[in-house]
Number of protein chains: 2
Amino acid sequence: MQLKKYTDYGLRILMYLGTKEGVDGRSSDDAKGKLTTIKAICETFDLSSNHVNKVVHHLGRLQLIETRRGKNGGFFLAKAPNEIRLDYVIRQLEGDEPWIECHNPYCVALPACELKGIVARGKELFYDYLHEFTLADLLKKRGQLQQIFSTAS
Amino acid sequence: MQLKKYTDYGLRILMYLGTKEGVDGRSSDDAKGKLTTIKAICETFDLSSNHVNKVVHHLGRLQLIETRRGKNGGFFLAKAPNEIRLDYVIRQLEGDEPWIECHNPYCVALPACELKGIVARGKELFYDYLHEFTLADLLKKRGQLQQIFSTAS
DNA sequence: TTATAATATGCATTATTCATGTATCTTTGT
DNA sequence: ACAAAGATACATGAATAATGCATATTATAA
């Protein structure tokens, strides 16, 4: 019972982008508006580039970030931080299956089982709570994060 | 993000015991007060006896059931169904680690990270909700469950 | 007191899923 | 044309859950 690292990495990437973001959604650490690259993320968080690659791609498909191929390519947030709800990010990256498995192996009690509904409702309460937060909430200590990200590598 | 089958099996076992339970906490399908055995559980739910063995042992250590070794041994509920709270059962069987892993690999953002607290609170809301329910709630359709369990095998 | 039926326990093995690695393709700016 | 970036497919490795096997321990009954 734990979120996948995949999901975790996705959230870290969004946080990183959130700290870089200027008015135009580009990296602000450079006047040229350089984009953030997978390489930069990997160096900052010390992660495998292959994995980050996939997560970035996924975030792109979700239209949470915009990716640019080719030289000087990279990616940046496609929405304002306060429009990126945590429940959505986690549900999508994590996958949204029921938290309890009634088939595989099939449970004979299924037709009279009250449990699956209770767990499903609990799951929804978890996500309802996450729905109250956005990426902006993760950036409260933005200055400190910027400092961490700029010195890490 | 899913409960372990181990946890699921534990809950099924408790439900099974709940349907058998008479005034004395013994199986009521037989005047002799025969105890429920691992074998009976395995036949009913079509599970591996080794796995059930371990879950039963765990439930015993948690004092949710009382186990009896030796010939004519078995086990039965050690508490009334309405005293067995689902949050407790699930927390114990599932293990109670944080749902998000900040170390392993260590995350540089940790000192300024708002995420861990949000997820931790969401997790608590999930368990708070489960706390409202007991095994008795899982036995609402007790008659139907009894019928299922007596015909399965 | 011996056989038997039950749980207890430890170790080994298998299966599943997550995580990571390698290679190559495609795109795009220089 | 070249180089730097993401896109994609496939393969491998690692972690953990699930299961299997063997044996010990205990209690009852013949």
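A note on names: the letters A, B, ... follow the listed sequences, proteins ahead of strands, and every chain is numbered from 1.
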**Study point:** Protein-nucleotide distance (B:Met1, atom CE; D:dT16, atom C1'), rounded to Å
**Key:** 17 Å
Check your understanding: Charged N to carboxylate O under 4.0 angstrom, A:Arg91 versus A:Glu124?
Key -> yes
Check your understanding: Under 4.0 angstrom, heavy atoms only, what part of the nucleic acid is A:Lys54 near: base, sugar-phosphate, or nothing?
Key -> base
Revision key, fill the gap. Between A:Gly70 and A:Leu3, the residue closer to the 5' end of DNA chain C by nearest nucleotide is A:Leu3
Practice item. Send over the distance from B:Lys4 NZ to C:dC18 C1', rounded to a whole Å. Key: 16 Å
Exercise for review: Nearest whole angstrom, please: distance from the C1' of D:dT23 to the CG of B:Asn50.
Suggested key: 13 Å
Exercise for review: Measure from the side chain of A:Ser48, starting at C-beta and using heavy atoms only, and say which of D:dA7, D:dC21, C:dT20 lies closest.
Suggested key: C:dT20
Practice item. Please state how far atom CZ in B:Arg68 lies from atom P in D:dA29, giving the value in whole angstrom units. Key: 13 Å
**Study point:** A:Phe149/A:Tyr16 aromatic ring centres below 6.0 Å
**Key:** yes
Exercise for review: Give the nucleotide from the list D:dT28, D:dA7, C:dT20 with an atom nearest to the side chain of A:Tyr9.
Suggested key: C:dT20
Check your understanding: Under 30°, 30 to 60°, or over 60°: which ring-plane class applies to A:Trp99 and B:Phe126, parallel, tilted or perpendicular?
Key -> perpendicular
Exercise for review: Take the protein atom NE2 of A:His57 and the nucleotide atom P of C:dT26, then report the distance between them rounded to whole Å.
Suggested key: 15 Å
Revision key, fill the gap. Of the candidates D:dA18, C:dT7, C:dT20, the side chain of B:Arg69 sits closest to C:dT7
**Study point:** Upstream residue (5' side of DNA chain C) when A:Ser49 and A:Asn72 are each assigned their closest nucleotide
**Key:** A:Ser49
Study note, to complete from the structure: Considering only heavy side-chain atoms of B:Lys71, the closest of D:dA4, D:dA7, C:dA5 is C:dA5
Exercise for review: Mark yes or no for whether B:Gln146, through its side chain, and B:Thr19, through its backbone, hold a donor-acceptor pair below 3.5 Å.
Suggested key: yes
Review point. Applying the salt bridge (charged side-chain N to carboxylate O under 4.0 Å, His left out) test to B:Lys123, which of B:Asp128, B:Asp96, B:Asp87 qualifies?
Key: B:Asp96
Review point. What integer distance in Å separates B:Lys34:NZ from C:dA5:P?
Key: 13 Å
Study note, to complete from the structure: Comparing nearest nucleotides in DNA chain D, the 5'-proximal residue of the pair B:Asn104, A:Arg61 is A:Arg61
Check your understanding: With a non-hydrogen cut-off below 4.0 angstrom, is B:His51 in contact with a base, only sugar-phosphate, or nothing?
Key -> base
Review point. How long is the line joining CD of A:Glu66 and C1' of D:dA5, in whole Å?
Key: 15 Å
Check your understanding: What nucleotide among D:dA18, C:dA8, D:dG6 has an atom nearest to a side-chain atom of A:Ile38?
Key -> D:dG6
Practice item. Can you figure out which of C:dT27, C:dA19, D:dT25 approaches the side chain of A:Tyr6 most closely? Key: C:dA19
Exercise for review: Using atom CZ of A:Phe75 as one end and atom P of C:dT28 as the other, report the distance to the nearest whole Å.
Suggested key: 17 Å
Check your understanding: Below 4.0 angstrom from OP1 or OP2 of C:dA8, is there any side-chain N or O of B:Thr67?
Key -> yes
